[in-house]
Amino acid sequence: MDFLELINFYILPGVVLGSIYALGAVGITLVFAILRYAHLAHGDLATLGGFIALAVVTGFGISPYAALPVAILATAAVAVGIDKVFYEHLRERPKIVTVMASLGIALMVRAVVQVVWGVDSESYVKGIVRPENYFGLRIRDREIYTILAMLVLVGVLQVFLSQSKWGKAMRAMSDNPNLALLSGIDNKKVVMLTWVIAGGLCAAAGVFLGINTELKSMMGWNMLLPMFAAAILGGVGRVEGAVLGGLIVGIAEELSVLVIPSEYKAAMAFVILLIMLLVRPTGLLRGKVL
């Protein structure tokens, strides 16, 4: 196998997959940095976003890219609603209670998807999409759009966190919640904004996974471990770390099929997570969160 084949068959698919993981991992790291718990329903919210986009594509006959904003807004609204109904009254309880509640929410969201859309695999577009040749690199348009969308969404988020009033409020809450409250920051609005962003990123991850593969009711659950591995690998609380971790996990999964059967490539996320927790639990990037 020459170098170009290695890139075309393993590195590029790994970067695309890693970009999808990165979108989900950024949401995970935001929730953990501000609310201080691991959200286990994250993957199933991504599934919901992907299937909402499918409903829009099927109902209006538009492309999944045009349906993406609708999926982002709808999933963000669902995430805020879930927080209001199920998580808000648990704020003062031990965080493990909320973590276990999020597992129940994951099962509920998945059940809704299976009841409404069924358990069979779905796709946005029928047929085979052939890759284009760019200086020897064989890449499909949808793969380019996935990578660009991840860079744009994360870039906009970084600007929002560093330049806007509410972005700075989110950073203050992640750094010192008690001091932020004493400074007059509206805790409820920051929490709601966190869920809007996390839910929207979930939807984007689900839609782009559906575009590049296919939609399945279990796809979000299968994404959960790689997304957590990406967030921990990059450093929990670091947006750029989540992106770096997502790309590393995605590429590692694709390269792993060179030495192990493809059915076991998902185990790479577990291996990476285990190594990081043992060797460097703070992640590759350390420092001020967000």
Side-chain angles (χ1 to χ4, degrees), residues 18-39 41-42 45-46 49 68-69 71-73 75-80 82-84 87-88 91 95 146-208 227-249 282-290:
S19 298
I20 296 169
Y21 289 159
L23 289 171
V26 169
I28 286 174
T29 206
L30 281 177
V31 172
F32 192 89
I34 295 173
L35 300 177
R36 301 296 197 273
Y37 61 83
H39 188 232
H42 217 74
L45 280 177
L68 177 61
I72 287 176
L73 292 175
T75 309
V78 170
V80 172
I82 288 173
D83 177 68
K84 290 290 184 184
Y87 299 152
E88 189 173 50
R91 294 269 195 266
K95 296 303 181 184
T146 300
I147 298 170
L148 289 178
M150 184 274 290
L151 294 174
V152 169
L153 289 172
V154 173
V156 170
L157 176 60
Q158 283 282 57
V159 172
F160 171 78
L161 290 174
S162 61
Q163 302 297 327
S164 71
K165 171 187 173 182
W166 285 109
K168 292 176 181 177
M170 291 176 66
R171 293 170 62 194
M173 283 291 295
S174 70
D175 190 38
N176 192 323
N178 294 327
L179 183 59
L181 289 172
L182 291 174
S183 302
I185 292 175
D186 191 331
N187 177 45
K188 291 185 177 180
K189 288 185 178 179
V190 170
V191 171
M192 183 180 72
L193 189 56
T194 301
W195 283 112
V196 167
I197 295 173
L201 291 174
C202 275
V207 170
F208 282 109
M227 290 192 300
F228 267 96
I232 293 172
L233 175 61
V236 175
R238 299 295 297 265
V239 172
E240 66 275 27
V243 174
L244 175 62
L247 294 174
I248 292 175
V249 171
T282 54
L284 296 174
L285 302 181
R286 290 188 293 182
K288 188 175 180 180
V289 297
L290 298 187

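Atoms considered below: every heavy atom in the structure, side chains included; atoms not considered: hydrogens, waters and symmetry mates.
- Expressed to the nearest 0.5 Å, how far CD1 of Ile185 lies from NZ of Lys165 amounts to 9.5 Å.
- Leu45 CG to Ile82 CD1: the interatomic distance, rounded to the nearest 0.5 Å, is 5.0 Å.
- Rounding to the nearest 0.5 Å places SG of Cys202 at 6.0 Å from CE of Met227.
- In this structure, Leu284 and Ile248 have side chains that are in contact, with non-hydrogen atoms separated by less than 4.5 Å.
- Ala71 and Gly49 get closest at one heavy-atom pair: CB-O, 3.4 Å.
- A 6.0 Å sphere centred on NZ of Lys189 holds no more than 12 heavy atoms belonging to other residues, nucleotides or ligands.
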**Prompt:** Are Asp83 and Arg91 close enough, and set up right, to give a side chain to side chain contact (heavy atoms under 4.5 Å, CB included), and what steps lead you there?
**Reply:** CA-CA 10 Å; Asp83 177 68; Arg91 294 269 195 266; 2.8 Å; yes
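- Residue Met150 comes nearest to Ala22 through the heavy atom pair CG-CB, 4.3 Å, listed as atom of the first residue, atom of the second, then distance.
- Residues Asp175 and Lys168 are not paired through a salt bridge, judged by the lack of any N-O separation under 4.0 Å between the basic side chain and the carboxylate.
- Residues Phe32 and Val236 share a closest heavy-atom pair of CD2-CG1, 3.0 Å.
- Between Lys84 and Trp195 there is no side-chain heavy-atom pair separated by less than 4.5 Å.
- Leu35 and Val191 make their closest contact through CD2-CG2, 3.6 Å (heavy atoms, listed as atom of the first residue, atom of the second, distance).
- You'll find the side chain of Val249 stays beyond 4.5 Å of the side chain of Phe228, heavy atoms only.
- The CD1 atom of Ile28 sits 11.5 Å away from atom CG of Leu23, with the distance rounded to the nearest 0.5 Å.
- Between Asn176 and Leu179, the shortest heavy-atom contact is OD1-N, 3.1 Å.
- Using a 30° and 60° split on the angle between ring planes, Tyr87 and His39 fall in the perpendicular class, above 60°.
- Residue Ile197 holds its CD1 atom at 4.5 Å from CG of Leu193, rounded to the nearest 0.5 Å.
- Here the closest non-hydrogen pair linking Thr29 and Ala242 is CG2-CB, 4.4 Å.
- How far CG of Leu247 is from CD1 of Ile20: 11.0 Å, rounded to the nearest 0.5 Å.
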**Item:** side chain to side chain contact (heavy atoms under 4.5 Å, CB included) between Asp186 and Trp166, worked out
**Value:** CA-CA 10 Å; Asp186 191 331; Trp166 285 109; 4.1 Å; yes
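- The main-chain N or O of Ile72 is never found under 3.5 Å from a side-chain atom of Thr75 such that the two would form a donor-acceptor pair.
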